[in-house]
Every structure is written in C-alpha cells, then in structure tokens.
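Throughout, a chain's letter reflects where its sequence line sits, starting with A, and its residues are numbered from 1.
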Amino acid sequence: MADLLRTGLYDLHVRLGAKIVPFAGYEMPVQYPLGVLKEHLHTRAAAGLFDVSHMGQVILRAPSGRAVDAALALEALVPVDLAGLAEGRQRYAMFTNEAGGILDDLMVANRGDHLFVVVNAACKGADIAHMRANLALEVTEITDRALLALQGPAAEAALARLVPGVAAMRFMDVGVFDWAGSELWISRSGYTGEDGFEVSVPDARAVAFAEALLAMPEVEPIGLGARDSLRLEAGLCLYGHDIDTTTTPIEASLSWAIQKARRAGGAREGGFPGAARILGELAAGPARRRLGLLPEGRAPMREGVEIYATPDGGAPLGVICSGGFGPSINAPMAMAYLPADLAEGTTVYGDVRGRRLPARIAPLPFQPTTFKR
Amino acid sequence: MKYTEEHEWLRVEGDLVVVGITEHAAEALGDVVFVELPAPGTKVARGDEVSVIESVKAASDILAPVDGEIVEVNADLGDNPGLVNEDPMGKAWFFKMKLESLKVLDGFMDEAAYKALID
C-alpha cells in the first residue's frame, strides 16, 4: 500500500480501531469495532461521523468575481441549472460526455463570489483537468482541508453544540461558520438519506473537530461499509457502479436533477455535452432505467447479478449495478438497469449462483429520507 | 476440536462431525446476513461448495471439509444469521456430517496449529 494516500484523520481512524482498506487511492476506514450493521443503524438512530476527506474540494472563480458567471461557465459541462442557484444554496449535478454518459457526479454550491464543488475521490484528477481544459475559470483544488460528514437525526443537535448557527440551515443550504477561530464550510446535505451536514475544516483542526464530535454520546465513527449500505437504502448512486460513461442521467433516473432551464424550451436549453441524446431521452423516454429491486428471500443479490423475466430460459433483461443487505429495512435490496417500462411490483428473477430467485421492482428510496426541507 | 485451512472447525459428536466457521473467519466476514445450507442427505466430497455465507460485505463459500453425508443442518441460521457473529464456535454450527471413518480428522490442525496459522 506504499503508493496509497492517507487523509489527515488516518491516525485517528487507527486509534479508533478501524479496519483500513484501499479505496480510490486512499487508505480508508471500512468499519470500526462497532461493525457495518451497527454503524448503519446507529447513523439512522443518532448520528454518524464519516471521513470523506478523500473527495475533491474545488473552488471555481470567474474573472468577474461573481458566482453567477462561474455558474454560467460550468453549465457548459453539466445539464443542470446553475445560474439559477441562489447564493448559499447547493445543487446536485453531473459532468456529461458527448455520448450523454456521466463522467462524474458532484455537488455545486453558490458561495456569492465563487462556486464550491465537491467531486468523487476516484475522479477528482480527471474532473479538475476537465474543468481546466474547458472552462475560462480559475480552478483551485483545495488540498489543506478535511471533509467530514455528520449524518443522522441527532446530527443537528450534536453539530449545533459546536456551531450553533447550523440549526437554522435547511436541506442543501451552505454557509461559512466559525469554530474556535477556524473557518468551517458547512452544507446541510449528505449521502445517507438522513438529515445531516458536510463540514470542510482546515487540516490543522480536523482531528480536534472530529474528536469534539466523537466525544458526544450520540456520535459514532462510521466507515465506508455502512456509508455504502446507507446510500443504497436511500437510493443514491455510487459513481463507477450505478452511473458511469455508459449511462445517461435519464437512464440513471436522475432526470429530476435537470431543471427546466436546461430542458427543451428552457431559457438555456441544451448547451452541455451529450445534450442531443439526453434531451431526446427526456422527451421520448429511455429504453432502460435504473430501478429498485427487493429480492423476495433473504439472499442478497449483488452487483453483476443478471436479471431475467422468467424463472428459466430467455435472455437477461439487465444487470444489478448495486446490491446488498439493508440493515434498516432488514432485507436485501438492489438497483439494476432494466427495461424502463417494467412496472413497480413486477416480479423478475435474479441469477444467484445459478439459481433464479424472485425479486420485485420497487420504488426508490427503499428507506424514506428525512431531510430538513 | 480440529481446524481446516479454510477456517472451519470440526468437532466430533458421537459418530458425527459438526462443522462451523472459526471466530477468526466470522470476524473477517463481518456481519452475516444470510446463510444458505445444504439439504440433509446430500453426499459431498471434500472441497465441494456446500454452503454460502453472505455478510454485509460479500458472499463466501463453505467447502465440505471431508467426504461424507450431510445428515443435519442448523435451521436457526436461516432465521438468525447473526448467530454466526455472536457465537461462531458454538450455537452457529452449520451442519453435521456422517463420515466413513473419523480417522480422517487426524490430518487436520489442532488448536495450536490453527492459532499459528492465523497469527
């Protein structure tokens, strides 16, 4: 693991007894002594603290010094209405390619005089190169800040003890706050389906900040294992599994992220890579779509499992992109790319070790979200 | 108690051999959420995949440690797969096998040898 990177919290993870695994070029905690199942349930019952410092934090500045100009420029790479994003607000977006596929998904925040962007760890080098090559903006990777997520119903109470101002934030608000002389960049968002926050904190104070939260009885450290089961219960996409260059945002059931302004007849229709295909699929409907699946038995159906219409024979309808066990729903769950016209409740069959087991097409998310709107 | 390199334990019970997975294996697997057991009466050869354990992380095969016949399986694991994490060496046995001769067990590791393997 000599060439793997570590986040500023690595020593803390080790001290907390984490099992460390390589992930996206980093040595990351996959679980702590509590274990994936209990970490997952704790996050939904109280509050979980996640180190997501491996993700890319990027600031985009326009020569004018106005966020709206950076937003208009970035719209050339994403099918999302960013010019309409108010100051202090954040929005989900995806970089598309000319074929309409997805290069990465990201969060974009309007911070008044610039945009703050968070991208996936595995894609950050390519994303930054992509923005530098295609945007007449100052693209600055932030490399001296950790990123922590605090998620769950007790997240607000816990974080508000350190930063009282966060209690007034709504889902997808962003703001700058002071914590004992350090500047925190906080958004009310996350990747679990729970209410919660993501906090960018200067490296020098990251361990102290994490320890201040972990000292609270409702906060436990949570690893990548539970992060994955939490996001899957919430029906959220994991780049490289549920979305990639071969899936369009429409196929990925992400059309909700494409606002009116960028659609046909909108104020800034198209104008992003792959617009012809993506707007075409929006109008005509895609042939296949990311759908939820609930296996009927207890056996999980994992990524790569082929889905069939019948208990035997026939060609596969599609394949599972993410699958596992949902601790909160106490059942196996999966998402798969399947014919878009399959109705909810339809029974299909997943080939698990040579046996076709039944599963029902189910609405996403599997676990209701609890965002503070 | 005898141990295999696949992290199974074998315990003689009368003329039968009880098979389970070791605490070390259970810990490495993480929280177990599903166990698929063979049908009693199945005749198996050493190395056959006879059972599947699914944890929150991945699926793993349980191999038949010896030639023989599966005569009983632990139905509790179907309802409560978490037993594998709670009591891997006791209540979470997987199946009982009838062997032609228990002598074959002499070829497996004892506890000291297994401990040396996992350390």
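Heavy atoms from other residues, nucleotides or ligands lying under 6.0 Å from CD of A:E211 number more than 12.
Residue pairs meeting the side chain to side chain donor-acceptor pair (under 3.5 Å) criterion with at least one member in residues 61-87 of chain B, sequence neighbours excluded, do not occur.
Defined by atom type and a distance below 3.5 Å, a donor-acceptor pair is missing between the side-chain atoms of B:Y114 and B:H24. A:S328 and A:E233 share a side-chain donor-acceptor pair at under 3.5 Å.
Here the side chains of B:E49 and B:L63 are in contact, with some heavy-atom distance below 4.5 Å. Looking at heavy atoms from C-beta onward, A:R227 lies out of side-chain contact with A:E39 at the 4.5 angstrom threshold. Taking 4.5 Å as the limit, every side-chain heavy atom of B:V50 sits out of range of all side-chain heavy atoms of B:T42.
By the 4.0 Å N-to-carboxylate-O rule, A:K19 lies too far from B:E27 to be salt-bridged with it. B:E54 and A:R353 are joined by a salt bridge, as a carboxylate oxygen and a charged side-chain nitrogen come within less than 4.0 angstrom of each other.
When heavy atoms are compared at a cutoff of 4.5 Å, B:A58 approaches chain A solely by way of its backbone atoms N, CA, C and O. Proximity to chain A (any heavy atom under 4.5 Å) is restricted, for B:V52, to the side chain, taken from C-beta onward.
Between chain A and the residues B:P81, B:S55, B:G82, the most heavy-atom pairs under 4.5 angstrom are made by B:S55. Between chain B and the residues A:D228, A:L37, A:N330, A:V30, the most heavy-atom pairs under 4.5 angstrom are made by A:L37.
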Distance-only criterion, 3.5 Å: show the donor-acceptor pairs between side-chain atoms of residues 89-103 of chain B and protein atoms not counting sequence neighbours.
residue	atom	partner	partner atom	Å
B:K96	NZ	B:E13	OE2	2.9
B:S101	OG	B:K103	N	2.9

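Here the shortest heavy-atom pairing between A:D195 and A:A155 reads O-CB, 4.4 Å.
Residue-level contacts of residues 356-366 of chain A with chain B do not occur; threshold 4.5 Å between heavy atoms. By a heavy-atom distance cut of under 4.5 Å, A:R298, A:A299, A:P300, A:R302, A:F325 are the residues of residues 293-327 of chain A near chain B, going up by number.
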